[in-house]
Amino acid sequence: MDDDGNKRLSMAEFRKGVADFGLDLTDEEVKAAFNQFLAVLRPPLNESRLKLIKAAFQKMDKTGDGQITVKDLKGIYNARQHPKYQNGEWSEDQVFTEFLKTFEAPNTTDGVVTWEEFLNYYSGISNSIDHDSYFDLMMRNSWKL
């Protein structure tokens, strides 16, 4: 499925691969299958890392509705320090929207970060950090936990 040979599987490549195999899935079904596929490939998170990721998500989810939106970021993330805000190129909401895209899967950005997306993002980061103590320090410093 890795058509461009970059050793990464994009949503577009996955969608094409699903069609190549003759499956007729909706966009939502493809997205769900892609997320499940990625989750299966990653090693499971240990309890201490999962607890830190949950704490960061809960801190960001100010409304408590299980998703992070621009509304949740107000008061948590200081957009006024962003260079594009400071030079007048972006509004505060544009800075927030771009920040949220960090956690969303490529080509599926909708301005809403679900628990699954947040967990997938940090599972990928966790996979590249060998020591729990460093992951703990990184999460606590990043999210002021």
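Here the structure is a predicted model, which means the values were calculated and not measured.
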Participant: To the nearest 0.5 angstrom, please state how far the OG1 atom of T114 sits from the CD1 atom of I68.
Facilitator: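 Going from the OG1 atom of T114 to the CD1 atom of I68 covers 8.5 Å.
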Participant: Are M11 and F118 linked, directly or through intermediate hydrophobic residues, by side-chain heavy-atom contacts shorter than 4.5 Å (ILVMFWY only)?
Facilitator: no
Participant: Is there a donor-acceptor pair under 3.5 Å between the side chain of T102 and the backbone N or O of F99?
Facilitator: yes
Participant: Quick check: are there more than 12 heavy atoms from other residues, nucleotides or ligands sitting under 6.0 Å from CD of Q94?
Facilitator: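 Yes, CD of Q94 has more than 12 neighbouring heavy atoms, counting only those of other groups under 6.0 Å.
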Participant: Could you tell me whether the side chain of Q81 and the main chain of N78 form a donor-acceptor pair under 3.5 Å?
Facilitator: no
Participant: Would you find a donor on one side and an acceptor on the other, under 3.5 Å apart, between the side chain of Q58 and the backbone of A55?
Facilitator: no
Participant: Please tell me if the side chains of D61 and T69 come closer than 4.5 Å, counting only heavy atoms from C-beta onward.
Facilitator: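 D61 vs T69: side chains apart.
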Participant: Taking all non-hydrogen atoms of both residues, which atom of E104 and which atom of V112 are closest, and how far apart?
Facilitator: OE2-O, 2.9 Å
Participant: Are more than 12 heavy atoms from other residues, nucleotides or ligands located less than 6.0 Å from atom CG of N6?
Facilitator: yes
Participant: Determine whether D27 and R15 satisfy the following criterion, side-chain contact (heavy atoms from CB on, under 4.5 Å), listing intermediate values before the conclusion.
Facilitator: CA-CA 8 Å; D27 282 344; R15 184 176 287 116; 3.6 Å; yes
Participant: Between S10 and F34, what is the shortest heavy-atom contact and its length?
Facilitator: O-CE1, 3.8 Å
Participant: Sub-3.5 Å donor-acceptor pair from the side chain of Q67 to the main-chain atoms of V113, do we have one?
Facilitator: no
Participant: Looking at every heavy atom in both L100 and G111, which two are closest together, and how far apart are they?
Facilitator: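 In this case the closest contact between L100 and G111 is CD1-O, 3.4 Å.
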Participant: If every non-hydrogen atom of Y85 is compared with every non-hydrogen atom of A79, which pair is closest and at what distance?
Facilitator: CB-O, 3.4 Å
Participant: Examine V18 and F37 and state if one hydrophobic cluster contains both, with Ile, Leu, Val, Met, Phe, Trp and Tyr joined whenever side-chain heavy atoms are less than 4.5 Å apart.
Facilitator: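 Yes; tracing contacts between hydrophobic side chains, which count when under 4.5 Å, links both residues.
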Participant: Taking atom types as modelled, find out whether N46 and S48 have a side-chain donor-acceptor pair closer than 3.5 angstrom.
Facilitator: yes
Participant: Got a second to check how far L52's CG is from R140's CZ, nearest 0.5 Å?
Facilitator: 5.0 Å
Participant: First locate atom CG of D72, then atom OG1 of T63, and finally report the distance between them rounded to the nearest 0.5 Å.
Facilitator: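 Here the rounded value is 4.0 Å.
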Participant: Using a strict 4.0 Å threshold on nitrogen-to-oxygen distance, state whether D93 and K71 make a salt bridge.
Facilitator: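 No.
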Participant: Under a 3.5 Å distance rule, please check whether R49 uses its side chain to pair with a backbone N or O of F135 as donor and acceptor.
Facilitator: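 No; judged by distance alone, with no hydrogens or angles, the pair does not exist.
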Participant: Please examine the side chains of L119 and K54, heavy atoms only from C-beta on, and report whether any two atoms are closer than 4.5 Å.
Facilitator: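 No, their side chains stay 4.5 Å or more apart.
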Participant: Relative to the ring of Y122, is the ring of F103 parallel (under 30°), tilted (30 to 60°) or perpendicular (over 60°)?
Facilitator: tilted
Participant: Is H82 reaching over with its side chain to a backbone N or O of K84, donor-acceptor style, under 3.5 angstrom?
Facilitator: yes
Participant: Could you tell me whether the side chain of K59 and the main chain of K144 form a donor-acceptor pair under 3.5 Å?
Facilitator: yes
Participant: Could you give the distance from CH2 (W143) to CD1 (I53), rounded to the nearest 0.5 Å?
Facilitator: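 Taking CH2 in W143 and CD1 in I53, the distance rounds to 11.5 Å.
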Participant: Can you establish whether the number of heavy atoms outside K31 located under 6.0 Å from its atom NZ is more than 12?
Facilitator: yes
Participant: Would W115 and F57 count as a close aromatic pair, with their ring centres under 6.0 Å?
Facilitator: yes
Participant: Find out if a path of hydrophobic residues (ILVMFWY) with successive side-chain heavy-atom gaps under 4.5 Å connects M60 to L145.
Facilitator: yes
Participant: Which distance, rounded to the nearest 0.5 Å, do you find between the OG of S126 and the CE of M139?
Facilitator: 9.5 Å
Participant: Would you confirm whether K62, through its side chain, and L73, through its main-chain N or O, come within 3.5 Å as a donor-acceptor pair?
Facilitator: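 No; judged by distance alone, with no hydrogens or angles, the pair does not exist.
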Participant: How about V95 and Y77: do any of their side-chain heavy atoms sit closer than 4.5 Å?
Facilitator: yes
Participant: Determine yes or no for a side-chain-to-main-chain donor-acceptor pair under 3.5 angstrom, with E92 supplying the side chain and R80 the backbone.
Facilitator: no
Participant: Can you tell if the side chain of T97 reaches within under 4.5 Å of the side chain of V70, non-hydrogen atoms only?
Facilitator: yes
